[in-house]
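The chains referred to below are lettered A, B, ... by the order of the sequence lines, with proteins before strands, and numbering in each begins at 1.
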There are 2 protein chains.
Amino acid sequence: MSDNKSLLDIRKMRILQAIVDDYIMTASPVGSRTVSKRSDMGLSPATIRNEMSDLTELGFLEQPHTSAGRVPSEKAYRLYVNHIMDSAKLTDDEAEYIKRHLDTRVHEVGEVIRQTAKVLSDMTNYTSMVLVPQLSSMKVKRISLIPVSDGTAMAVVVTNTGVTKNAMIRIPESLSPEDIEKISKLITQKLDGHRLAEAIESVLPTIRAEIGEQADAVCGMLEDIERSMSETDVEVVGASNILDYPEYSDAAKARNFLAEIETGDYLQKVLTDSSDVEMTVRIGTENENPDMQDCSVVTVTYKAGGKNIGSMGVIGPTRMDYGKVVAVLKYMSRSLSDILSKLLK
Amino acid sequence: MSDNKSLLDIRKMRILQAIVDDYIMTASPVGSRTVSKRSDMGLSPATIRNEMSDLTELGFLEQPHTSAGRVPSEKAYRLYVNHIMDSAKLTDDEAEYIKRHLDTRVHEVGEVIRQTAKVLSDMTNYTSMVLVPQLSSMKVKRISLIPVSDGTAMAVVVTNTGVTKNAMIRIPESLSPEDIEKISKLITQKLDGHRLAEAIESVLPTIRAEIGEQADAVCGMLEDIERSMSETDVEVVGASNILDYPEYSDAAKARNFLAEIETGDYLQKVLTDSSDVEMTVRIGTENENPDMQDCSVVTVTYKAGGKNIGSMGVIGPTRMDYGKVVAVLKYMSRSLSDILSKLLK
DNA sequence: TGTTAGCACTCGAGGGTGTCGAGTGCTAAC
DNA sequence: GTTAGCACTCGACACCCTCGAGTGCTAACA
C-alpha cells in the first residue's frame, strides 16, 4: 500500500488531491477543466486529461460513463487518507464551538458521552457514535446488591474510576434482604481492586470457603453481573443526517443503512474492534457489513488516566470530508479524555 | 363531529370506506371505477361518481387534480376511525406471533418494554414507541444510595411494584460512606410506602428533626432524585420503517421526520399527554408538531395491577392501516399489562 | 520530450411533443 | 334514482432533439 506513494509523482498526487477535494464537496464527477482551473498548477485541461487517464489506468479514478468526469475510487480515498490529506486543523470557530458545547461541569459520565456524540454529529453533519466506557477493563471498587422483589435484585458496580453500571440479576428467593446486604459487602470486600472477570475466578474459592451453603447462588449472581457488565453500550446521534447526501437519496438504500444504524450491532462491533487502535478508517467495502459498503467509518480512541477506555467514530458517505472528520475526532478525543480524566479523578 | 354520521347515508359511508380502504393499501388516488368494482354494491361507476362528488363537497375527499381519483381527507380518516373502521380482529397467525415474541420469562421490566416496542414495530411495519413505566405514580419501597466518588453517588429507587430507576446525584464531599449508608436507610424508612413527590414534602420535616446538620444535604439529594425520577424514558423502534412509504420518498421530508423521532421530544410529549386516556388517535394536522403533520399517531395505555402505568403507540403515514394498528395496540396493551402485572406481582 | 490546441466523438440532462389511459362532470335516456 | 355516453382534463411515459460537459487522439509547438 505504501508503494502507492512512489508509484505516483508529485503532479499526479496533486491532481488526485484536487479531484478528491472537489468530489467531496460536490458529489458529482470531476472533469479536466475543473481541475485545471481549481488547482493552481497552471496546466491546461489537455495535460490534466493525460494525467487523469493514467490515474484511471492505475485504479485511482473511475469513469461512470465515457463522457462524464472522473470519480475517485476507494483506492484513491485510501491513498488520500494515508498520504495526501493534510490533517486539517480546526478553525478557531470550530474549536470554540466544541469548547462551548462540551459542558465540563457535567458530573455524570453518561451525560458527557451523550454530549460528545451530539457535538460530533453537529460538527460533521454525519452520524456519530461513542462507545460508553467499558467496565471490563477497570477495577471494581464496590458492588452493591439491592433487593427489588422476591427473586430479583439490582447489582450496581462502581469502578475505581467512578464509572458505574447496573444490572438486574436473579437471586434465590430464599435470600432475605439482610442476606443480600451481607453478600453485597462480602463480594465488595473480596473484589475490591480487582478486574471483574479475572477476580471472579480467583476469588470464588475464597467466597466458597467462607459461606458454604450460599456459595452457588453467589457464584451465579457474579456470573450474571459479569455477563451484563461485558455488554457494551453505544450512543448514536445524527442517523438522519445521512439523508442530506445524494448518495442516499434512494429510499431503499437509506432504509437499509438506517435499519443497520438502528440495531447498532455493526457500530458496536466496529467500535469495540477499534478500541485499542488510536485511529482507524474503514472505506467503503473495507466494511464487512454489506449495508455499509458505500459509506466510511472513522474511529478514534479516548483515554482516562492515560489508558484507553473507549472509542468513538463518525459514519458518512464514502465521499466524506476525511480531513475535517479526522481533525474533529482527534480534537474531541483529547477533549473527552481530558474531561473524563478529571471527572474520574 | 358525531353529526358526521347522520350527515352521511349508509351508501356514502360504504363508498367512503371503500375509498379509504383502497387508499390505505395503494397510496394512489382512487377512481370511481375501482370503487365500483371493489365494493360489491352493484353500482355503476357513474353513480359512484355522483356520490364521490357529494363526498368531495362535504370535505371527506380531495382531488389532487381534475382527472385523478379522489384521496381521503383528514376529516375522512377521522370519520373512518370514529365510526366506520371495524376494529379488525387480529388473525390467529398474528396473535400467535405476538405470543411467541413476547417472552414471558423475561424478568426485567426494561427488557419487556424493549421487546414490546420491537414486536409492535414488526407487526405493523410502522414506527413504535413505548413509554417506560413511570415511577412518579408509584410508591417507594426502597431508596439506596451508593457512593461512587467524592461528591457523587448513585441513587437507586425501587418501587412497590418492583420498577427501578437510578440517578447520579451530587452529595456533599464531607459525607463518608457510612454517613451515606445511614442516610440511605433513613430515607428508605421514611419514604417507604409513599409516593416520592408527595413524600418529600411531608417527610422532610421529620428528617430535618432527626438529623439536624445534614438535613439540607439530604433535602438537596431528594430533590435531585425526584427530578431525575420524573424524567420519562421512551423506547422507540422501527424509525426507518417510514422510508417504506411513498409519502416519505422526499429526502428532506424523511429527514425532518427522522430527526424529530431521534430527539424523541414530541413522542414523549404525546405519550405522557395520553397516558390516562385508554386510546388516542392523532391524525395529520391534529399533531401540533409541524414535522409530524402528515403522519398519524395512535396510542393506548397499559396497566399493572389495574392501574395505568404507561402508554405506547404507533406512528405512521396518515394513510395508515388504522384497523390493524388499533387491533394490534389493543392486543399488545392487554398482553403487556398481563406480563407486567405478573412481573411486578 | 513534455505540453497544448484542435477536433471529432460520447453521453447524460433537460426540454418539447405526442400518445395513452384513468378519471371526471354533464346530459340525456331508461 | 340510475346509468350509458361523451367530451374533456391531466399526469405518466416514451420519444426525439439539442446542449454542454467531458473525453481521447493527433499534430504542432517549445
Engineer: Any chance the side chains of A/Ser240 and B/Glu262 put a donor and an acceptor closer than 3.5 Å?
Structural biologist: yes
Engineer: Between D/dG5 atom P and B/Arg33 atom CZ, what is the distance in whole Å?
Structural biologist: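 Going from CZ in B/Arg33 over to P in D/dG5 covers 14 Å.
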Engineer: How about B/Asp294 and B/Lys253: do any of their side-chain heavy atoms sit closer than 4.5 Å?
Structural biologist: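 Touching, per the 4.5 Å side-chain cut-off.
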Engineer: Do we see a donor-acceptor contact under 3.5 Å between the side chains of A/Tyr126 and A/Asp321?
Structural biologist: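 The criterion, which ignores hydrogens and geometry beyond distance, is not satisfied for A/Asp321 and A/Tyr126.
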Engineer: Whether the side chain of B/Thr26 engages the backbone of B/Asp22 through a donor-acceptor N/O pair (distance < 3.5 Å, no angle test) should be reported.
Structural biologist: yes
Engineer: Please classify the nucleic acid contact of B/Thr66 as base, sugar-phosphate, or nothing, using heavy-atom distances under 4.0 Å.
Structural biologist: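 B/Thr66: backbone/sugar contact only, no base atoms under 4.0 Å.
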Engineer: Considering only side-chain heavy atoms of B/Arg70, which listed nucleotide, D/dT23, C/dT24, D/dG22, is closest?
Structural biologist: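 Nucleotide nearest to B/Arg70's side chain: C/dT24.
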Engineer: Tell me whether B/Arg70 is salt-bridged to B/Glu62, with the criterion being a basic N under 4.0 Å from an acidic carboxylate O.
Structural biologist: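 No, B/Arg70 and B/Glu62 are not salt-bridged.
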Engineer: Rounded to whole Å, please give me the gap between CD in A/Glu51 and P in C/dT3.
Structural biologist: 7 Å
Engineer: Go through D/dT3, C/dT4, C/dT24 for me and flag the one nearest to the B/Leu43 side chain.
Structural biologist: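 Of the options given, the side chain of B/Leu43 lies nearest D/dT3.
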Engineer: Does a side-chain N-to-carboxylate-O contact under 4.0 Å join A/Lys118 and A/Asp122?
Structural biologist: yes
Engineer: If you assign each of A/Ser32 and B/Arg11 to its closest nucleotide in DNA chain D, which residue comes earlier from the 5' end?
Structural biologist: B/Arg11
Engineer: Starting at atom CG of A/Leu61, determine the distance to atom C1' of D/dG22, rounded to an integer number of angstrom.
Structural biologist: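 It is 14 Å, rounded to the nearest whole Å.
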Engineer: For B/Tyr77 and B/Ser296: C-alpha separation, side-chain torsions, deciding distance, then whether side chain to side chain contact (heavy atoms under 4.5 Å, CB included) applies.
Structural biologist: CA-CA 10 Å; B/Tyr77 289 121; B/Ser296 288; over 6 Å; no
Engineer: Taking the side chain of A/Asn50 as its heavy atoms from C-beta onward, which of D/dG24, C/dT4, C/dC26 lies nearest to it?
Structural biologist: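 Output: C/dT4.
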Engineer: Once pairs are restricted to Watson-Crick or G-U wobble with both distances under 3.5 Å, how does DNA chain C read as a dot-bracket string, [ ] for crossings and | for other-strand pairs?
Structural biologist: ||||||||||||||||||||||||||||||
Engineer: May I ask you to say whether A/Arg78 pairs ionically with A/Glu286, meaning some side-chain N is under 4.0 Å from a carboxylate O?
Structural biologist: yes
Engineer: Within this structure, what is the CD-to-C1' distance between A/Glu62 and D/dG22, rounded to whole angstrom?
Structural biologist: 17 Å
Engineer: Taking the minimum atom-to-atom distance to the side chain of B/Ser53, which one of D/dC10, C/dG12, C/dG25 wins?
Structural biologist: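 It is C/dG25.
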Engineer: Output the rounded distance in Å from CE (B/Met52) to C1' (C/dC26).
Structural biologist: 16 Å
Engineer: Verify the distance criterion only: is there a donor paired with an acceptor across the side chains of B/Thr285 and B/Glu74 at less than 3.5 Å?
Structural biologist: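 There is such a pair between these side chains.
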Engineer: Quick one: label B/Ser44 by what it contacts on the DNA or RNA (base, sugar-phosphate, nothing), any heavy atom closer than 4.0 Å.
Structural biologist: sugar-phosphate
Engineer: Between the side-chain atoms of A/Ser67 and the base atoms of C/dT10, is any donor-acceptor pair under 3.5 Å?
Structural biologist: yes
Engineer: Does anything in residues 19-29 of chain A come within less than 4.0 Å of DNA chain C? Heavy atoms only, and list the residues if so.
Structural biologist: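 The answer is none.
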Engineer: Look at the side chain of A/Arg49 and decide which nucleotide, out of C/dG6, D/dT2, C/dT24, has an atom nearest to it.
Structural biologist: C/dG6
Engineer: Among side-chain atoms of B/Asp291 and B/Tyr266, is any donor-acceptor pair under 3.5 angstrom?
Structural biologist: no
Engineer: Measure CD/B/Gln63 against P/D/dG11 and give the value in whole Å, please.
Structural biologist: 12 Å
Engineer: Closest to the A/Ala46 side chain: C/dT24, C/dT4, D/dT2?
Structural biologist: C/dT4
